[in-house]
Amino acid sequence: MNTKDIVYIALFAALIAVLGVFPPITVPVIGVPITAQSMGVMLAGALAGAKRGGLAVVLFLLLVAVGLPLLSGGRGGVGVFFGASAGFLFAYPLAAVIIGSLFERNATLPTWPVAFAYVTLGGILFLYAIGIPWIAVVANIPLSKAAIGSIAYIPGDLIKAGLTVAITLGVRRAYPAH
Amino acid sequence: MHDLYRPGNSLFHRMHAGHKVLCLVFAGSTIFLVSNLITLIAALVMITFCYRLAGLSLSDAYQQLRPVVVVLLLILIVQGLIHSWTLGFTVIARFAFLLLAAGLLTLTTRVSDMITTIESNLHWLRPIGVNPGKVSLAISLTLRFIPVMRRVTTEVREAQKVRGLERNLPALAIPVITRMLKMSDDISDALDARGYDPH
Amino acid sequence: MIDITDVDLKYGDRTILKNLSLRLTEKRIGIVGSNGSGKSSFARLLNGLVLPDQGQVLVDGIDTAKNAKAVRRKVGFVFQNPDNQIVMPIVEEDLAFGLKNRGLSKAEQAVKIDAILKHYDLDEHRNHPAHLLSGGQKQLLAIAGVLVMQPSYVVMDEPTTLLDLRNTMRISRAIDALEQPVIIVTHDLDLLSDFDRVIAFDQGRILADDTPSAALKTYITAMTHA
């Protein structure tokens with residue numbers, strides 16, 4: 001790992017933290033608050049790549065664990081990893097790795113729909129595949145009940161995936177990777 | 001940066017951060033072996049008493065649970081309807097205990113002490129390829145980047161407001177991230193220029 | 001002494017510097033040139049941040065391409081934007097950063113840090129977060145972070161571009177007080193008036209290499225008529 005890897009890992013850990021400061025937006029019909037933070041995980045994978053992005057998320061979670069209030073809503077400390085939905089947090093690093101590996105498959109920038117598929121695969125499908133069974137196991141409730149409780153978050157996550165793609169393609173055009 | 005630490009001089013404040021983490025790991029694992037509701041409630045009372053010992057208030061304890069109260073109630077209801085109410089209370093009592101124990105650690109331990117503890121124990125991870133010096137540098141750089149990125153965001157937001165783009169997230173995020181990437185490349189040059197050698 | 005012999009530098013297929021040979025011996029040397037003239041790349045050549053595609057750069061006889069680490073010990077580098085140079089969250093920690101990398105003990109670090117903080121009037125800020133310093137203080141901290149390492153040469157890339165007049169004067173005084181030879185890339189021609197030598201670049205070549213007044217005159221004339 002070279003100096004640039006370390007700096008990029010720190011930068012994207014900071015980006016995820018800063019996105020936690022944005023106040024959550026509550027979508028009127030669904031009534032579920034959307035936070036910008038999980039978009040940071042998607043961006044880390046899409047922009048920093050599998051290795052740097054994945055380690056950036058690990059570093060972010062480490063800083064949360066030691067007590068910095070960096071999770072959206074000013075939460076932090078070890079406790080957040082004991083909540084019912086902690087599975088999502090534990091799945092974050094691998095979600096960034098998946099998105100990063102998919103983006104790294106092509107030498108050139110993917111088209112909008114392809115990029116959207118990548119982000120959705122790692123940042124939504126994979127996260128839910130870990131997070132929902134986790135809730136079911138730790139809360140000792142049936143999988144179906146855990147899944148129903150999570151459906152309301154899907155529209156917000158799709159919006160975030162779309163924004164991630166718009167931002168990633170924009171940044172990559174303004175500042176090509178080197 | 002603000003952390004969640006509450007200054008104090010109690011037994012918990014004075015305990016070594018590493019030992020507190022070990023206690024938490026021990027308590028957290030043990031609690032899953034307990035399935036008797038009465039014992040769990042006793043554990044809850046005990047951990048709440050520990051908050052008093054640490055000079056913290058009951059409201060501090062409640063603050064640890066507040067973000068998840070709705071979720072806990074939902075779990076209780078689902079459990080109660082499907083299985084039994086006793087099981088429901090058992091499950092949420094365990095959660096509450098874990099959250100309170102973890103909260104106690106966070107409220108009585110400085111972030112800098114936690115980071116020092118992590119850094120001095122990182123050599124255990126050398127066999128799996130973790131370089132302690134690199135992790136320390138990454139932690140410091142992140143803490144340095146967060147305020148800078150907030151300031152850059154404010155600057156870009158003002159500039160976009162003038163152009164009527166303040167509600168357009170990509171129009172805000174693209175210039176901020178681009179500037180931060182450029183800055184990262186420069187910082188990486190600066191680290192090299194200042195003789196940083198991670199080996 | 002810094003010796004540059006037959007250096008070519010390219011980024012992709014764009015030529016930045018072409019067949020450049022220079023010997024730098026003076027105590028204070030200024031480098032001027034329009035944006036994209038190759039002057040920032042020139043500065044980065046001097047401490048091995050950028051390596052030549054052809055030719056060689058020798059710092060006191062050490063080849064930058066062969067032993068970049070030894071060269072970086074000799075040549076301190078101050079960047080245009082101090083935010084990009086300050087790497088640690090706290091003023092004191094940032095000054096300790098380079099010293100720690102060099103393997104100095106805590107006590108040795110403390111002695112050097114105390115001295116440099118006093119010298120640059122940053123003593124009261126030693127435990128402050130670096131991001132709360134003013135622009136001028138940040139640039140002073142960046143310079144202090146380089147000088148605390150006691151380099152044999154100091155290279156600065158537009159150190160005053162982001163500063164107001166008052167802070168430019170402060171930096172200018174700090175430059176005047178330096179013991180070691182300095183090479184400064186700048187757009188601020190006033191900064192160079194009492195320098196020993198000024199080199200003007202244009203499109204990767206040397207346009208003028210003379211005393212400040214003569215070189216700046218050639219440079220200004222060329223830019224006005226371009």
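Any value given below was found using the heavy atoms of this structure, including those in side chains, with hydrogens, waters and symmetry copies removed. Labels below follow one simple rule: chain letters A, B, ... track the order of the sequence lines, proteins then strands, and each chain is numbered from 1.
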message = Please classify the contact of C:Val87 with chain B as side chain, backbone, both or neither, using a heavy-atom distance under 4.5 Å.
response = both
request  = Please list, chain by chain and in numerical order, all residues satisfying side-chain contact (heavy atoms from CB on, under 4.5 Å) with B:Ala159, sequence neighbours excluded.
outcome  = none
task = For B:Ala193 and C:Phe77, work out which heavy atoms get closest and say how close.
result = CB-CB, 4.0 Å
ask   = Should we say atom CE of C:Met169 is surrounded by more than 12 heavy atoms from elsewhere, each under 6.0 Å from it?
value = no
Considering only heavy-atom distances, could you tabulate the donor-acceptor pairs under 3.5 Å between chain B and chain C?
from, atom 1, to, atom 2, distance (Å)
B:Arg144, NE, C:Ile86, O, 2.5
B:Arg144, NH2, C:Asp83, O, 3.2
B:Arg144, NH2, C:Asp83, OD1, 3.0
B:Arg151, NH1, C:Asp83, OD2, 3.2
B:Arg151, NH2, C:Asp83, OD2, 3.0
B:Asp186, OD2, C:Asn84, ND2, 3.0
B:Arg194, NH1, C:Gln85, O, 3.1
B:Arg194, NH1, C:Asp94, OD1, 3.3
B:Arg194, NH1, C:Asp94, OD2, 3.4
B:Arg194, NH2, C:Asp94, O, 2.8
B:Asp197, OD2, C:Lys69, NZ, 3.0

Contacting region of C:Ile86 [heavy-atom separation from chain B under 4.5 Å] = both
